[in-house]
Student: 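Pasting a structure below so you can have a look.
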Amino acid sequence: MIKITDLEKVYRTDEVETVALNKLSIEVKEGEFVAVMGPSGCGKSTLLNILGLLDDPDSGSFIFNGIEVAKFNERKRADLRKRNIGFVFQSFNLIDELTVFENVELPLIYTGVKSGDRKKRVEAVLDKMQIMHRRNHYPQQLSGGQQQRVAVARAVVNKPKLILADEPTGNLDSSNGNEVMQMLTDLNEQGTTIVMVTHSEHDARYSHRIIRMLDGQTVMENIMV
Amino acid sequence: MIKNYFKIAWRNMVKNKGYSAINIGGLAVGMAVAMLIGLWVHDELTYDRYHQNYDRIAQVMQHANFNGKVETQVSNPALMGPELRDKYGSNFKYVIQSSWTGGHLLSIGDKHISKVGNFFEPDAPDMLTLKMLKGTRAGLKDPYSIMMSASAAESLFGKEDPINKTIKLDRSFDVKVTGVYEDLPDNTSFREIKIMMPWELWLIQNPWAKQMNEPWGSNFSQTFVQIADNTDMASVSAKIKNTKLNNVSKEEAKYQWAVFLHPMGKWNLYNEFRNGVNTGGNIRYVWLFGIIGIFVLLLACINFMNLATARSEKRAREVGIRKAIGSMRWQLIRQFFAESYLVVILAFVLSLILVVLLLPLFNEVAGKKIAIPWQNPIFWTFSLVFILITGLLSGSYPALYLSSFQPLKVLKGTFRVGRFASVPRKVLVVLQFTVSVMLIIGTIIVYQQIQYAKDRPIGYTRNGLINLGMEKEIREHYETVRTELKNSGAIEEMAASNSPLTQVWNTNGGFEWEGKDPNLAVDFPNNRVSYEFGKTVNWKIKEGRDFSRDYATDSAAFIINESAAKFLGFKNPVGTVLKWNNQPFTIIGVVNDIMQESPFYPVRPTLYHIGEYENMYNLILRLNPQKNAKQSLTSIEQLLKKYTPSVPFDYKFVDEEFGGKFRAEERIGKLSSYFAILAVLISCLGLFGMASFVAEQRTKEIGIRKVLGASVINLWQLLSKEFVLLVVFSCIIAVPIAWYYLSNWLTNYDYRITISWQVFALAAAAALIITIVTVSFQAIKAAIANPVKSLRTE
């Protein structure tokens, strides 16, 4: 599903040049659940952003679903993103002005799903995430765990092929964290490919494979049994 | 999707009430101003359109060359109409000779009312496409007929049918009502005319008009035409150029009379001529206010843009999330436009309410009777376009700016508005204050100019003077009336005069004097007065003496004004003889210039001579200052009623008449001052909003500075400095532009102020003080906040 080869990304300010990705090559197969780990500044978030088509690499190849996307412009990237990729963020990133229902509905609006259809699909996913009773609440009225469940619901409502999770349990207590990880596992079992960046060895154990990064390169891969 | 946009927009608006109030309120004020100006401009541009053939109607006017200076006049000889019909008939559909517009007394039984009207030739109702309510447009064919407007008919006859009723006109002629027409709307040149009588009747009333020795030499009537359908205005105008020149004496021919057509479409907006060239007129105010309207709206839109982009950091996260979950940029642009349009639509509704509330005041100040055309689909179309444009103006920059954020930076939390992100905002604030400062300067200069002309010496004392028409009975018993009025103690003195004190009704040529250049053309205002004229108006004798009944020779004497003395070029004018139509008149005195015409132009060389009472139509009374004016007026009315019981006591205070000369300028001054206040208010609203955002943005910095020992004053300076600098910069831009335009405006007046630097200093100081006061509220609020609190916000 994902094949990146010799990917490079350098951040430059006036005086400092930081190499975030240094000739990185990784492959993720369809249906895999991959965890990316490493110390702060090792480039894992940069990798996730490039995989999510939020950022573009300086050089190298990025093949997504058989298509070379490294040189895609913003418009093409946005189009590909909304049809194929769901995001789960550490800080949930829900829109405060929208209710739970409306937050989850948003990706469907952007992909042009009809109103009646949208309602059905949002209700189904809220039901699945067990937050249907909170559908008319605003994010500030929910606990952290509930907010992350909404965020996961939003990420999956469009049935993406790939879910990118950036420390999805970072802001949660352990029981809520476990719940979210279980959700991701369930999704993966249903066929969704997942790439998750995490600091937590505990969370990483839910994955099939752990890629460990240092200074913009992979240093080790662990296959989970 | 649109529903979703508006939902978010609405929630954002409710959540940020203060911000929304500034936005909607400011925009509503801006839109209300633009709408009022729009209605005014529309009213001005559609002047006289009520007449269906307005584009083919014209007034016949003349240029005359007086010693190298071309003067333009609307008055014509009575033979102008017949001559045009006779020689150039095929070029015209209608040619109408007309009297001046004036008040006339209508009597039926004991009922007497005064109405303003004209004597017209019979085709006038057709030319003006009067909308007849009763009778036909052929109502002026019989010399003893009268047509009246609906309002005049109602005030005279109530609900009765006036057709074929006989009324007495000016206490002399019985005339029959032949038609009632819809009153002419306020934005027509003939709006004052409530009654129309036949020109033929005027000629019967004024037999001298047909008995003149040189009928082409005397201009005392007006001529209107409607050109034929197969011609155009310019070519007809060129054809008739020499109509007068071909008929005048050799003496008159030296004025090079040139006849031309002034189209009705230009009467209102292009009514000024300087040296024979049309130099515009009210059109300059249409432009001026049009530009002000656009600017004020722009100021309000700028507030919207500035506040929206200043809040960008708050909205950035939302933009990032939306982009991450699949929003295209154009979808975000649409969302932000939806937000702008929601604000604009709400502001429009509010502005409509404001316009409804303000329209009466606006009409009073502007001297108009504008109504909102609720029923007119064009009005609503314009409103829609107006909303679209305002939304586009105010929404485009925020939409483009906000939608441009990179989701990555925002979501990573590394998003910071760039160092130069506030530059466009600063530019916009500078633009706002430049316009505001220009308006402040403009207002001050217009007021100075009016005040300057008001303070100009007028050559007489106008307090306590009243002016009224002098009826036949008073003219016949002039001396008795004067004695009785003086004995009653109501007045100090009374005089008769041909012209009222604030106008010149009569000018004459035909003067000769020793040493006069034979080519010099003269046309002096020449006022017939009674012996007590000078004493009544309190003029100042500079040389010689006043008229006196003790000198029998004073019946052939002139008192001249200073300008005349200068023009004639006599070293010692007193005692010199002026020949008027070969009759010798001795100059017995020189008086100060008396300002009878425009206060913005020089007083013309003027002559005064003793006239017969039967040839004078104005009575000037000086009230007794020792007595209560109201009581005096009552006793004057009672006394005059003895002689003219049916004539209403229709007097005018000279002071008010004099004030009327400034009406146009005062209107401009008042309107521009109101607009300046609103512009400043809108700009301040924006500044207030901006200051609050800056204070919010710098909360942490303020906290740290405070912990490190900064005083409230230090922090106040820190936060205010930027805004003060922007306003200083605005002043630097505004001053030369304002100076350029106002100097140009002032050249319209011969008698004008010189612009002093103090005006600019005053306007700049006002702008700075307003800025400091506006910004200080937020700055001080931020500065006195508890630093612990502000640091905890991190």
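Every chain is numbered from 1, with letters handed out A, B, ... down the list of sequences. Hydrogens, waters and symmetry mates play no part in the numbers below; they use all other heavy atoms, side chains included.
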Student: Applying salt bridge (charged side-chain N to carboxylate O under 4.0 Å, His left out), can you list everything that pairs with A:Arg75, at least two apart in sequence or on another chain?
Tutor: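 Scan of A:Arg75 (salt bridge (charged side-chain N to carboxylate O under 4.0 Å, His left out), adjacent residues dropped) gives none.
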
Student: For A:Asp166, which atoms come within 4.5 Å of any heavy atom of chain B: side chain, backbone, both, or neither?
Tutor: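 It is neither, since no heavy atom gets under 4.5 Å.
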
Student: With no hydrogens and no angle check, is any side-chain donor or acceptor of B:Arg322 less than 3.5 Å from a backbone partner on A:Pro107?
Tutor: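 No, B:Arg322 side chain to A:Pro107 backbone: no donor-acceptor pair under 3.5 Å.
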
Student: Applying a heavy-atom distance below 4.5 Å, give me the residues of residues 16-27 of chain B that approach chain A, sorted by number.
Tutor: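 The residues closer than 4.5 Å to chain A amount to none at all.
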
Student: Of the backbone (N, CA, C, O) and the side chain (C-beta and beyond), which part of A:Tyr138 lies under 4.5 Å from a heavy atom of chain B, both, or neither?
Tutor: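 The side chain, not the backbone.
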
Student: Would you list the pairs meeting salt bridge (charged side-chain N to carboxylate O under 4.0 Å, His left out) in which at least one residue belongs to residues 138-155 of chain A, sequence neighbours left out?
Tutor: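 Pairs touching residues 138-155 of chain A that pass the test: A:Arg149-A:Glu179.
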
Student: Look up atom NZ in A:Lys82 and atom CD in B:Gln331, then write down how far apart they are to the nearest 0.5 Å.
Tutor: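 That separation rounds to 4.5 Å.
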
Student: Could you pull out all residues at least two apart from A:Glu8 that satisfy salt bridge (charged side-chain N to carboxylate O under 4.0 Å, His left out)?
Tutor: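 For A:Glu8, no residue satisfies salt bridge (charged side-chain N to carboxylate O under 4.0 Å, His left out) once neighbours in sequence are set aside.
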
Student: Distance check, rounded to the nearest 0.5 Å: B:Ser327 atom OG versus A:Ile109 atom CD1?
Tutor: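 So the gap between those two atoms works out to 10.5 Å.
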
Student: Please check if the side chain of A:Arg81 supplies one atom and the backbone of B:Lys323 the other of a donor-acceptor pair under 3.5 Å.
Tutor: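 Yes; judged by distance alone, with no hydrogens or angles, the pair exists.
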
Student: In terms of heavy-atom contacts, does CD of A:Gln130 have more than 12 from other residues, nucleotides or ligands at under 6.0 Å?
Tutor: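 At most 12 heavy atoms, drawn from other residues, nucleotides or ligands, come within 6.0 Å of this atom.
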
Student: For A:Gln90, is it the side chain, the backbone, both or neither that has a heavy atom under 4.5 Å from a heavy atom of chain B?
Tutor: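 A:Gln90 has no heavy atom closer than 4.5 Å to chain B.
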
Student: Going from CG on A:Asn158 to CD1 on B:Ile325, what distance comes out if it is rounded to the nearest 0.5 angstrom?
Tutor: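 Answer for the CG-CD1 pair, A:Asn158 versus B:Ile325, is 9.5 Å.
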
Student: Nearest 0.5 Å please: distance from the CG atom of A:Asp96 over to the CD atom of B:Glu318.
Tutor: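 Here the rounded value is 9.0 Å.
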
Student: For A:Tyr110 and B:Gly326, work out which heavy atoms get closest and say how close.
Tutor: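 So the minimum-distance heavy-atom pair works out to CB-O, 3.7 Å.
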
Student: Is there side-chain contact between A:Leu98 and B:Arg11, with heavy atoms separated by less than 4.5 Å?
Tutor: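 When only atoms from C-beta onward are counted, B:Arg11 and A:Leu98 do touch, with a gap below 4.5 Å.
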
Student: In this structure, are over 12 heavy atoms from other groups packed under 6.0 Å from A:Asp215 atom CG?
Tutor: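 No, CG of A:Asp215 has 12 or fewer neighbouring heavy atoms, counting only those of other groups under 6.0 Å.
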
Student: Near A:Lys3 NZ, under 6.0 Å, is it more than 12 heavy atoms from other residues, nucleotides or ligands?
Tutor: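 No.
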
Student: Could you measure the distance from the CZ atom of A:Phe87 to the CD1 atom of B:Ile321? Nearest 0.5 Å is fine.
Tutor: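 It comes to 12.0 Å.
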
Student: Using a cut-off of under 4.5 Å on heavy-atom pairs, state which of A:Leu80, A:Thr111, A:Leu54 scores highest against chain B.
Tutor: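 Among A:Leu80, A:Thr111, A:Leu54, the one with the most close pairs to chain B is A:Leu54.
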
Student: Quick check on A:Leu94 against chain B: is it the side chain, the backbone, both or neither that has a heavy atom closer than 4.5 Å?
Tutor: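 A:Leu94 touches chain B through backbone heavy atoms alone.
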
